[in-house]
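For reference, the structure is listed below as structure tokens.
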Amino acid sequence: MLDIALIRSRTDWVKAQIAKLGDEATLARIDRIVELDAERRQTRTECESAQAARNKLNRAMGKLRGSKTMSPAEKAARANAAASAIAKPDYEYATVLLDGSKAAFEGAGDDEADLQPAFQALIAALKRMGDTIDAGYARAKDIEAALQEEMLWLPNLPHETVPVFFSEDDNIPDVPVGEFREFDFEPKPHWELGPALGIIDFERGVKLSGSRYYVLSGWGARLQRALISFFLDCARANGYEELYLPYIVHGQMLYGSAQFPKFQDTVYPVADGDKYLLPTSEVAIANLHRDEILTEAQLPLRYVAHTPCFRSEKASAGRDVRGIKRVHQFEKVEMFQFTTPEASYDALEAMTRGAESLCAALDIPYRRLEIVSGDLGFSASKKYDIEMWSPGCGEWLEVSSCSNTEAFQARRAGLRYYPRGSRKTRFLHTLNGSGLATPRTLIAILENNQQADGNVLIPEALRPYLGGAEAIYPK
RNA sequence: GGAGAGGUGGCCGAGUGGUUUAAGGCGAUGGUCUUGAAAACCAUUGUACGGUUUCGCCGUACCGCAGGUUCGAAUCCUGUCCUCUCCGCCA
């Protein structure tokens with residue numbers, strides 16, 4: 001979520017930033033937000049000053065009622081006079097009448113028998129006043145709900161260093177790293193290699209669960225497990241604390257990490273109340289410190305977790321249907337950081353380098369892409385993708401995406417900290433990056449390391465995780 | 001799954017409808033004292049939103065969450081979420 005105060009005070013600047021995303025519909029949303037915000041503040045101010053008067057009167061009435069020094073006759077007189085003052089309305093005068101700060105009071109109704117009717121008149125006057133105020137608050141609540149809804153649909157603003165282009169085709173690749181292998185035979189795609197080696201079973205995956213599901217067996221399953229262990233160990237060596245997380249979370253968490261409301265149809269609900277399967281561990285980690293106030297001394301917090309990821313892929317029906325590039329269930333090791341605003345961009349660079357080093361360690365050619373404004377997605381201020389080359393499919397495969405969301409998620413999830421020596425809270429910055437995703441990494445290994453005789457060499461870095469095995473052989 | 005108890009500030013914990021501050025304690029921070037530290041003593045110490053004459057001040061809301069009753073709710077009622085205890089089941 002964006003800072004409403006920023007939208008209010010620098011509306012044109014915010015619009016200029018949104019325009020970089022190439023999203024026309026959102027600009028109109030900003031106008032609507034500015035309107036609602038003004039309306040909200042005005043309504044609130046009115047309600048609150050009326051409520052302040054009401055609170056004073058109620059307390060003063062309690063004081064009058066409980067007074068041990070005042071005669072019943074005087075109480076009745078004061079109550080009657082206050083009731084008419086409220087009707088006028090003159091709340092200030094009514095208050096001083098009731099709380100006794102108007103010392104000597106002469107008025108009609110000196111009879112003790114008038115006490116009950118007098119209080120009834122007073123209560124009736126207060127009730128009329130209260131009804132008006134409650135109606136005002138109800139209006140304020142509607143306005144606030146409408147404003148909140150608009151705010152939840154607003155994407156993050158791009159960082160000033162993000163290149164302004166509107167198409168993903170304009171993403172800017174770095175020079176690829178690693179050696180592109182010269183094949184003396186036609187490299188096969190993984191959807192041929194996998195079944196030939198007996199390690200990917202498409203038919204049985206579909207039998208069990210439908211299209212875009214698959215089974216890894218034997219070396220396929222082991223290789224994936226080795227990759228996960230290797231990635232986790234690397235992250236741990238880089239100072240990330242490993243987490244084991246729930247795979248099912250409350251809907252609120254998806255609002256916190258900004259999948260909801262915009263991408264609601266990409267996640268799988270489970271039949272247990274308002275709960276959902278993780279589309280990425282980012283959702284769980286981003287909300288780990290939800291509604292907490294951390295101290296600067298605790299920062300940065302670095303976490304890494306492996307979880308399955310479940311995505312319905314409705315929006316990309318028909319795309320990448322071959323193989324296991326785009327599936328409903330995959331495994332991912334996710335790095336995540338909570339930092340101060342000052343530290344977040346250095347942390348993004350370091351996190352991205354960490355992800356790149358995994359590709360290098362596996363000896364797979366890769367490149368880093370600087371993502372342009374139009375392809376940033378909903379929540380990133382700045383993003384790098386990392387792609388591995390897969391010679392069988394003949395394309396670059398995205399295996400990691402590293403983002404700084406600045407305070408966008410923090411504002412939604414209530415992630416705050418006290419800066420050193422300060423009593424005011426600030427929002428944290430959050431960063432996330434895959435390190436890495438599989439089975440895409442598995443695809444790259446199979447396609448890059450395939451041999452003419454059908455064997456696939458296991459990257460040296462993974463061999464310690466596989467009992468020292470050097471290659472996978474066809475069954 | 002069954003039965004019961006509970007949810008109050010960073011933490012513990014008091015608070016059965018008002019008479020203007022959620023008592024008290026712990027911790028933390030600052031100060032006094034001290035060669036230094038500890039102890040003791042004094043002071044300060046929640047969050048969000050809004051207003052404002054902006055190093056501050058004022059107001060409103062918040063006692064798990066959402067409703068309701070009432071002139072007035074931490075307090076009464078309903079729903080809901082969560083935690084704990086016992087029983088049952090279970091990798």
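Note: hydrogens, waters and symmetry copies are ignored here, and every other heavy atom, side chains too, is used. Quick note on labels: first sequence line is chain A, next is B, and so on, each numbered from 1. All of these numbers come straight from a predicted model, not from anything done at the bench.
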**OP:** Could you tell me whether a side-chain N or O of A:Gln329 sits under 3.5 Å from a main-chain N or O of A:Phe310, the two making a donor and an acceptor?
**Re:** no

Original post:
When the C1' atoms of B:C76 and B:U20 are considered, how many whole Å apart are they?
Top reply: 23 Å

Original post:
Toward the 5' end of RNA chain B, which comes first, A:Arg416 or A:Leu122, by nearest nucleotide?
Top reply: A:Arg416

**OP:** Taking only the side-chain nitrogens and oxygens of A:Arg54, find out if one of them lies under 4.0 Å from OP1 or OP2 of B:C71.
**Re:** no

Original post:
Atom CD of A:Gln252 to atom P of B:C82: distance rounded to whole Å?
Top reply: 14 Å

**OP:** Using heavy atoms to find the nearest nucleotide of RNA chain B for A:Leu57 and A:Arg426 separately, return the residue whose nucleotide is more 5′.
**Re:** A:Leu57

**OP:** Return yes when atom CD of A:Glu92 has more than 12 non-hydrogen atoms of other residues, nucleotides or ligands closer than 6.0 Å, and no otherwise.
**Re:** no

Subject >> Spacing of the P atoms in B:G67 and B:C62 (rounded, Å) >> reply: 11 Å

Original post:
At under 4.0 Å between heavy atoms, what does A:Arg411 touch on the DNA or RNA strands: base, sugar-phosphate, or nothing?
Top reply: nothing

Original post:
Taking atom C1' in both B:A74 and B:G17, what distance in whole Å separates the two?
Top reply: 11 Å

Subject >> Minimum side-chain heavy-atom gap A:Arg128-A:Thr132 below 4.5 Å >> reply: no

Original post:
Which whole-number value in Å describes the distance from A:Ile4 CD1 to B:A48 C1'?
Top reply: 15 Å

Original post:
Do the side-chain N or O atoms of A:Tyr418 get closer than 4.0 angstrom to the phosphate oxygens (OP1, OP2) of B:U29?
Top reply: no

**OP:** Could you work out the separation of B:A73 and B:U16 based on their C1' atoms and round it to a whole Å?
**Re:** 12 Å

Original post:
Are the side chain of A:Arg440 and the backbone of A:Lys325 linked by a donor-acceptor contact shorter than 3.5 Å?
Top reply: yes

**OP:** Using the C1' atom on both, measure B:U19 against B:U8 and round to a whole Å.
**Re:** 23 Å

Give each protein N/O atom lying under 3.5 Å from an N/O atom of nucleotides 56-63 of chain B, with the pair distance.
from  : atom 1 : to       : atom 2 : distance (Å)
B:G59 : N2     : A:Glu48  : OE1    : 3.0
B:U60 : OP1    : A:Asn55  : ND2    : 3.4
B:U60 : O2'    : A:Tyr137 : OH     : 3.3
B:A61 : OP1    : A:Gln51  : NE2    : 3.1

Subject >> Euclidean distance, atom CE of residue A:Met61 to atom P of B:U20 [Å, nearest integer] >> reply: 16 Å

**OP:** Look at the side-chain N and O atoms of A:Lys141 and state whether any lies under 4.0 Å from the OP1 or OP2 oxygen of B:G67.
**Re:** yes

Original post:
Under a 3.5 Å cut-off for both distances, is B:U85 Watson-Crick or wobble paired, and to whom?
Top reply: B:A3

**OP:** Just do the ring pair (Phe, Tyr, Trp, His ring centres under 6.0 Å) check on A:Tyr255 and A:Phe260 with the steps written out, would you?
**Re:** CA-CA 5 Å; A:Tyr255 281 97; A:Phe260 283 7; 5.5 Å; yes

Subject >> Watson-Crick/G-U partner (both atom distances under 3.5 Å) of B:G36 >> reply: none

**OP:** Please state how far atom CG in A:Leu98 lies from atom P in B:U20, giving the value in whole angstrom units.
**Re:** 14 Å

Original post:
Between B:A39 and B:G27, how far is it from one P atom to the other, in whole Å?
Top reply: 9 Å

**OP:** Write down the distance separating the P atoms in B:A5 and B:G10, rounded off to the nearest Å.
**Re:** 29 Å

Original post:
What is the pairing partner of B:U54, taking Watson-Crick or G-U wobble pairs with both distances under 3.5 Å in any strand?
Top reply: none

Subject >> Interatomic distance at C1', B:A40 relative to B:U54, whole Å >> reply: 39 Å

Original post:
Which whole-number value in Å describes the distance from A:Glu292 CD to B:C11 P?
Top reply: 10 Å

**OP:** Taking A:Arg412 for its side chain and A:Leu152 for its backbone only, find out whether a donor-acceptor pair lies under 3.5 Å.
**Re:** yes

**OP:** Whole angstrom is fine here: how far is it from CG in A:Leu415 over to P in B:U47?
**Re:** 17 Å

**OP:** Answer yes or no: is there a donor N or O on one side and an acceptor on the other, between the side chain of A:Lys275 and the main chain of A:Val270, under 3.5 Å?
**Re:** no

Subject >> Nearest-angstrom distance from the residue atom CD1 of A:Ile293 to C1' of B:C11 >> reply: 14 Å

Original post:
In whole angstrom, what separates A:Met1's CE from B:A48's P?
Top reply: 13 Å

**OP:** Evaluate the ring planes of A:His328 and A:Tyr213, with Trp represented by its six-membered ring, and classify them as parallel (under 30°), tilted (30 to 60°) or perpendicular (over 60°).
**Re:** tilted

**OP:** Please answer whether the main-chain N or O of A:Tyr418 pairs with a side-chain N or O of A:Thr295 as donor and acceptor at a distance below 3.5 Å.
**Re:** no

